[in-house]
Protein chains: 2
Amino acid sequence: MSIQKDGKLNQIGTVTADHVAAEAGVSRWTVNRAFRQEASISAKSRKKVMEAAEKLGYVPDLLASSLRSERSNLVAVLVDDFANPHKLVMMERLTRILRKHGWDTLLVNMLGEADTSAALLSASQRRVDAAILIGIQFNEEVLATALGAQRVRKLIIFARDSENPNTISICCDDVGAMTAIADYVLNKGYRKPLFLAGPQTESAHLKRKDTFLELWRQNRGDLPASISVPFYDPLLAYERTADYLASHDRSDYPDVVVCENDALAMGAIDAIRFRFGLRVPQDIAVTGFDDVPQAASPNYRLTTYRQPISAMAEALVEVLKGNNDPAHLCGFLGEMIVRESA
Amino acid sequence: MSIQKDGKLNQIGTVTADHVAAEAGVSRWTVNRAFRQEASISAKSRKKVMEAAEKLGYVPDLLASSLRSERSNLVAVLVDDFANPHKLVMMERLTRILRKHGWDTLLVNMLGEADTSAALLSASQRRVDAAILIGIQFNEEVLATALGAQRVRKLIIFARDSENPNTISICCDDVGAMTAIADYVLNKGYRKPLFLAGPQTESAHLKRKDTFLELWRQNRGDLPASISVPFYDPLLAYERTADYLASHDRSDYPDVVVCENDALAMGAIDAIRFRFGLRVPQDIAVTGFDDVPQAASPNYRLTTYRQPISAMAEALVEVLKGNNDPAHLCGFLGEMIVRESA
DNA sequence: TTGTAAGCGTTATCAA
DNA sequence: TTGATAACGCTTACAA
């Protein structure tokens, strides 16, 4: 593919900065400078270098670059919950925006809580600039231990709030969001909500349930009922909702089920309709959270809340660049998406 | 964190093989050998090294390793279609199985057909052992050009069939799969199928539509109608199906809609139900392909076909290891998943 | 089985 | 603005 200095054909066709330097009649370091924005280099030199690079098909080797420098321009995204379609949305946004700003993404499938340490190890062995957790099962304690042992430069919890002082959380304001939902539900005249929550783990968590219950109590005086499932799985939500309804008298049914996210909301809707033959929203209304693509389907027409994922991803980039004060990154506000389910 | 040879505190706390070597009283190369399975090293030396490594918190640096050797144990997965939930299933399987065998995954968000080249460039700059395409929009021509220019060692098309001789396709046998579906539909007594296909692009494609139509013609003598949408998007499938039904007399309605995948099938079901008030399967039946998690929901209860993704991913690993004959990798057979939609 | 020399392609640092 | 030296941490090849 390309000829090396010694004339030998290189196995993977590598063209190095030295080749370009020889072609352009400059030094290797000038070639390097031509490929960075901030470098002090004359326009003329840069032009010469770029033409030579184009001609030879040179691109900088990010591996070698990462080895010598303190940056790899690589981040790891750790995911442990591929059942929730919202993960797909987050991955799409994160990878797109990270790539736009020059970062590549290492996708690490965390096989469970016990795998946290191994997953972080994988990331650290590639010298990622940061590890981003968009999972749910990681345990704060395991995390702290793993973090101490591994040389992960930054640990970012995305779309979730962590108590761990060594991590940076980027998430939306759960109080603000739940206030929007509670206001909507109240204004629509619902009076008997049931809260359907996800895993009640000790890991970085969502304050949505407690926030909603407290807001409701402040407004109406009574504390709504709540149920939960161990995973954000629509089928579990289906079963749990069905159990709840089956164990209550029709007169004790909620008039609205407020769900911690869309995955749960869709399961709840299915149960209300297919297990009890009731109508949504006429008999029981349902609200979600996330606005996954399926929420818009004619089946669900889900009233939900959309987090500003793109803005959150942009903030993450600022953190990577070191431009952001990590203290104020959990105040993002989204918007109510009103459809027909409530 | 750790002390270097020169006594300086290393910024990122790096413990190198040299540190471990000093601690264990062996050479750096013995440390290296201790960390590989095939190396010729005495059990005693290995034990000494491993204890020292444990004590110092040493792990090999994959970046430095990749730089010198011909392998990076890193593969890129290029995705351009985050709307289809089946992508989430494939990513979960691929990352899990790759990681099990020692490969890390670079997730590259291909922003469109025109981005093929840039996406492959990203991958090549990290020296991936292979680039795996699970997208749909890449163009054969662009691919060929990009492939020539970039130093990607292997290009693997996953779950899709490519004509490009320089790529390796790993996919299921579309003829076998469509035969199973056609047989099922015929045996159930349906006589007027409509085929709902995805993008009819020139890129690596699915032969499902042509195969089904031909099988049907051979069996019944008539050629079924077919329609298509430009993306695998349920909402587009909804609109297209609705258009088709609206422009036909009730007596000309199909008795079954055979869909190229589940995403389209779910859109079709929504249209049949919510736009025309018809029942599935009593008025019009629907079949899918992929068996995405949502296909099992009480809403859809979709009769579909499940590809053996895990087996395909294992085959991919064999290709990476160089153990497989790339000639016979499109013969995977899945299984019919029979539910109530047809 | 173990050790030595050389080098992977880039960048930090300093000198010109 | 440009060039030179040394190093990043590891692995290939070969020698002991």
Side-chain angles (χ1 to χ4, degrees), chain A residues 2 4-6 8 10-22 24-49 53 56-74 124-127 129 151 153, chain B residues 2 4-6 8 10-22 24-49 53 56-74 124-127 151:
Chain A
S2 78
Q4 289 188 302
K5 275 179 294 187
D6 60 6
K8 265 202 317 199
N10 186 303
Q11 290 129 316
I12 58 165
T14 311
V15 180
T16 74
D18 279 330
H19 301 150
V20 177
V26 297
S27 74
R28 191 203 311 166
W29 298 271
T30 301
V31 172
N32 183 301
R33 287 183 187 106
F35 276 87
R36 355 171 116 200
Q37 298 304 326
E38 354 67 271
S40 55
I41 183 177
S42 69
K44 197 175 136 201
S45 293
R46 173 169 270 146
K47 182 158 178 288
K48 258 197 312 192
V49 168
L56 300 178
Y58 168 79
V59 286
D61 185 315
L62 265 41
L63 234 52
S65 159
S66 308
L67 181 60
R68 187 60 178 98
S69 72
E70 284 294 301
R71 332 208 72 197
S72 60
N73 283 290
L74 182 67
S124 75
Q125 288 191 280
R126 299 268 176 205
R127 296 205 193 185
D129 291 335
R151 49 187 185 193
R153 305 208 243 274
Chain B
S2 77
Q4 288 189 305
K5 273 177 295 185
D6 60 7
K8 265 201 317 201
N10 186 302
Q11 292 129 311
I12 59 165
T14 310
V15 180
T16 75
D18 278 330
H19 300 149
V20 178
V26 298
S27 73
R28 187 204 313 168
W29 298 269
T30 303
V31 173
N32 183 305
R33 288 181 186 107
F35 276 89
R36 358 169 116 199
Q37 298 306 323
E38 356 66 270
S40 57
I41 183 177
S42 69
K44 196 176 135 201
S45 292
R46 173 170 273 148
K47 183 159 175 289
K48 256 196 317 191
V49 169
L56 300 178
Y58 168 78
V59 286
D61 184 314
L62 265 41
L63 230 53
S65 156
S66 308
L67 181 61
R68 187 60 176 94
S69 72
E70 283 295 301
R71 335 208 68 195
S72 59
N73 283 290
L74 182 68
S124 76
Q125 288 190 280
R126 300 268 175 203
R127 296 204 194 186
R151 49 191 183 189

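Just so it is clear, the model here is predicted, and its values are computed rather than measured. Just so it is clear: chains get the letters A, B, ... in the order the sequence lines come, proteins before strands, and each one is counted from 1.
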Answer with base, sugar-phosphate or nothing: what part of the nucleic acid does [X] contact at a heavy-atom distance below 4.0 Å?
| X | result |
| --- | --- |
| B:Phe35 | nothing |
| A:Ile41 | sugar-phosphate |
| A:Arg46 | nothing |
| A:Ser45 | sugar-phosphate |

Are the side chains of [X] and [Y] in touch, meaning some heavy atoms are under 4.5 Å apart?
| X | Y | value |
| --- | --- | --- |
| A:Val26 | A:Val49 | yes |
| B:Ser66 | B:Arg126 | no |
| A:Ser65 | B:Gln125 | no |

Is any side-chain nitrogen or oxygen of [X] closer than 4.0 Å to OP1 or OP2 of [N]?
| X | N | value |
| --- | --- | --- |
| B:Ser65 | D:dC10 | no |
| A:Ser42 | D:dT2 | yes |
| B:Thr14 | D:dG9 | yes |
| B:Arg28 | C:dA6 | no |
| B:Ser66 | C:dC8 | no |
| B:Ser69 | C:dC8 | no |

Please evaluate the base of C:dT1 for a donor-acceptor partner in the side chain of B:Trp29 within a cut-off of under 3.5 Å? no
Ignoring hydrogens and angles, answer whether the base of C:dG9 and the side-chain atoms of B:Arg68 contain a donor-acceptor pair closer than 3.5 Å. no
Whole angstrom value for the distance that separates [atom2] of [N] from [atom1] of [X]:
| X | N | atom1 | atom2 | value |
| --- | --- | --- | --- | --- |
| A:Arg33 | D:dA4 | CZ | C1' | 10 Å |
| B:Leu62 | D:dG9 | CG | C1' | 11 Å |
| B:Asp61 | C:dG9 | CG | C1' | 15 Å |
| B:Asp18 | C:dT4 | CG | C1' | 13 Å |
| B:Leu67 | C:dA6 | CG | C1' | 14 Å |
| A:Leu63 | D:dC8 | CG | P | 17 Å |
| B:Arg71 | D:dC10 | CZ | P | 19 Å |
| A:Arg36 | C:dT10 | CZ | P | 12 Å |

Value for CZ (A:Arg33) from CZ (A:Arg28), rounded to nearest 0.5 Å, stands at 11.5 Å
Relative to the 5' end of DNA chain C, which residue comes earlier, B:Val26 or B:Ala64, by the nucleotide with the nearest heavy atom? B:Val26
Here's a test for you: under side-chain contact (heavy atoms from CB on, under 4.5 Å), which of A:Leu67, A:Leu74, A:Leu63 qualifies with A:Arg127? A:Leu67
As a test of reading the structure: which of D:dC10, C:dA12, D:dG3 is closest to the side chain of B:Tyr58, going by heavy atoms? D:dC10
Indicate yes or no for a side-chain donor-acceptor contact from B:Thr14 to the backbone of B:Thr16 under 3.5 Å, with no hydrogens or angles considered. no
